[in-house]
Undergrad: 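This structure is in structure tokens; I'll ask about it shortly.
We count ligands from 1, going down the list as the structure has it; atoms in each ligand are counted the same way. Reckoned from all heavy atoms, side chains included, excluding hydrogens, waters and symmetry mates. By convention here, the first residue in the shown sequence is residue 1.
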Amino acid sequence: MSEHNDRAAWFQGGEAHCSVKPEARKRAYRLVLLGPPGVGKGTQAELLCHKLGTCHLSTGDVFRAAACQDHPSPALQTALAAMKRGDLVSDGLVVTMVEERSVCLSCCGGFLLDGFPRTVMQAEALDELLDEQGVKLDAVLSYELPLSEIVDRLSGRRTCSKCKAVYHVTARPPQKEGVCDACGGSLIQREDDRPESIRVRMKAYEESTRPLADYYEKDGRLIRVSADGKPEEILERSIQALEERTVAVRS
Ligand code: AP5
């Protein structure tokens with residue numbers, strides 16, 4: 001179901017209405033995906049959403065979509081410059097952006113947050129927002145992989161310039177080189193996937209995002225998942241871990 005959802009409320013702000021109503025979904029999962037840049041969070045998010053019928057809410061996607069605006073605000077221009085360098089966007093701007101979309105957090109279809117939170121301050125802000133909305137996180141899936149494999153995934157990534165589908169030059173190649181299988185758009189390399197930006201992103205991850213694992217581990221919300229292997233194998237591992245967690249919480 002989620003593949004048809006235009007996620008209008010997420011991309012355009014809380015006032016917009018999504019094209020698909022979530023009533024038909026069996027169970028609302030509320031999840032955060034954690035892990036270093038390029039570990040495969042976006043790839044898993046797509047697979048998990050398809051399987052669980054929830055929405056993929058990526059803060060990076062919102063910024064990249066906003067980058068196409070004709071006249072981005074000064075705050076957005078600052079955010080886009082930070083992204084290009086590989087630095088994190090300021091907590092204040094990111095939290096405001098998520099606050100404006102907090103309707104997505106209480107959506108009865110659930111959510112799968114990818115790329116947010118990224119700092120302890122953002123995690124605390126998310127907990128407050130969830131309290132205000134009267135909902136709880138089911139779990140935080142933390143994907144783990146050695147650095148050398150992550151760099152290979154990032155430098156081989158290609159993204160469709162039109163529909164944003166994600167490929168990899170060797171692990172997930174398109175049928176025709178440089179052309180999106182889904183919409184025929186041209187495949188491009190993200191500006192922040194160049195070596196100098198990758199180095200900055202990894203440093204930002206180590207300094208600001210890795211400590212989040214402790215934040216969520218303290219109260220038992222963290223589930224560590226190996227990101228080794230094929231995407232479908234990692235999906236299987238993630239679903240199994242979620243099911244085991246659900247059984248453990250019930251008993
Ligand atoms: P964001 O868009 O969130 O990017 P990221 O976290 O750096 O993650 P990526 O999208 O690079 O990687 P991914 O883990 O999703 O991997 P993917 O599935 O694509 O953020 C971008 C920027 O926005 C940040 O740097 C920051 O500036 C800003 N920003 C966003 N949110 C923010 C926040 N909350 N606070 C502050 N700043 C924020 O996979 C990568 C490649 O590997 C692909 O080619 C894929 O095909 C391939 N692949 C995936 N799985 C496998 C596999 N199992 N085997 C082989 N290849 C695989």
Undergrad: How many angstroms lie between atom CD of E46 and atom NZ of K41, to the nearest 0.5 angstrom?
TA: 13.5 Å
Undergrad: Ignoring hydrogens, just give me the one of G86, A123, G38 whose non-hydrogen atom is nearest atom 12 (O) of ligand 1.
TA: G38
Undergrad: Please list the nearest protein heavy atom to atom 37 (N) of ligand 1 with its residue and the distance rounded to 0.1 Å.
TA: V89 N, 3.0 Å
Undergrad: So, Y215 and D127: side-chain donor and acceptor under 3.5 Å apart, yes or no?
TA: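 The criterion, which ignores hydrogens and geometry beyond distance, is satisfied for D127 and Y215.
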Undergrad: Heavy atoms only: which of R201, M83, R118 lies closest to atom 20 (O) of ligand 1?
TA: R118
Undergrad: Less than 3.5 Å between some nitrogen or oxygen of G156 and one of ligand 1, yes or no?
TA: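 No.
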Undergrad: Answer yes or no: is there a side-chain heavy-atom contact under 4.5 Å between L126 and Q122?
TA: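 They are not in side-chain contact.
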Undergrad: Look only at interatomic distance and state if K41 has a nitrogen or oxygen under 3.5 Å from any nitrogen or oxygen of ligand 1.
TA: yes
Undergrad: Does R190 reach ligand 1 with a nitrogen or oxygen that is under 3.5 Å from one of the ligand's nitrogen or oxygen atoms?
TA: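 Yes, there is a polar N/O contact under 3.5 Å.
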Undergrad: For ligand 1, which is the ligand I care about here, please tell me if A171 has any N or O atom under 3.5 Å from one of the ligand's N or O atoms.
TA: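 Among all N and O atoms of A171, none is under 3.5 Å from an N or O of ligand 1.
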Undergrad: Can you tell me if E196 has over 12 outside heavy atoms packed within less than 6.0 Å of its CD?
TA: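 Yes.
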Undergrad: Using distance alone, determine whether R172 and ligand 1 share an N or O pair under 3.5 Å.
TA: no
Undergrad: So, do W10 and C107 sit near enough that their side-chain heavy atoms are less than 4.5 Å apart?
TA: no
Undergrad: Could you check atom 43 (C) of ligand 1 against the protein and tell me its nearest heavy-atom contact, residue, atom and distance included?
TA: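 That would be V166 CG1, 3.6 Å.
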Undergrad: Find out whether V140 and I223 are in side-chain contact, i.e. whether some heavy atom of one side chain is under 4.5 Å from a heavy atom of the other.
TA: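 No, side chains not in contact.
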Undergrad: Taking only non-hydrogen atoms of P231, do any sit less than 4.0 angstrom from ligand 1?
TA: yes
Undergrad: Classify the side-chain pair T170/H168 by whether it contains a donor and acceptor separated by less than 3.5 Å.
TA: yes
Undergrad: Could you say whether the N/O atoms of V94 and ligand 1 ever approach to under 3.5 Å?
TA: no
Undergrad: Can a non-hydrogen atom of E149 be found less than 4.0 Å from any atom of ligand 1?
TA: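 E149 does not count as a contact of ligand 1 under the 4.0 Å cut-off.
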Undergrad: Check D193 against ligand 1 and report side chain, backbone, both or neither, counting heavy atoms closer than 4.0 Å.
TA: neither
Undergrad: So is S90 in contact with ligand 1, going by heavy-atom distances below 4.0 Å?
TA: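 No.
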Undergrad: Does K230 reach ligand 1 with a nitrogen or oxygen that is under 3.5 Å from one of the ligand's nitrogen or oxygen atoms?
TA: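 Looking only at distances, the answer is no, because the N/O contact criterion of under 3.5 Å is not met.
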Undergrad: Would D61 count as being in polar contact with ligand 1, using the rule that some N or O on each side must be under 3.5 angstrom apart?
TA: no
Undergrad: Sort out for me which residue in E144, E233, R237 forms a side-chain contact (heavy atoms from CB on, under 4.5 Å) with S226.
TA: R237
Undergrad: Using distance alone, determine whether A82 and ligand 1 share an N or O pair under 3.5 Å.
TA: no
Undergrad: In terms of residue, atom name and distance, what is the protein heavy atom nearest to atom 26 (C) of ligand 1?
TA: D87 O, 3.6 Å
Undergrad: Applying a strict 4.0 Å limit to heavy atoms, is R64 in contact with ligand 1?
TA: yes
Undergrad: Should V179 and L187 count as side-chain neighbours, where that means a heavy-atom distance under 4.5 Å?
TA: no
Undergrad: Could an N or O of ligand 1 be found under 3.5 Å from any N or O of Q122, whether backbone or side chain?
TA: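 Yes: some nitrogen or oxygen of Q122 is under 3.5 Å from one in ligand 1.
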Undergrad: Between Y167 and ligand 1, find which residue part has any heavy-atom pair under 4.0 Å and reply side chain, backbone, both or neither.
TA: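 Backbone only.
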Undergrad: Do you see a donor-acceptor pair shorter than 3.5 Å between the side chains of S208 and T119?
TA: no
Undergrad: Please tell me if the side chains of V32 and L137 come closer than 4.5 Å, counting only heavy atoms from C-beta onward.
TA: yes
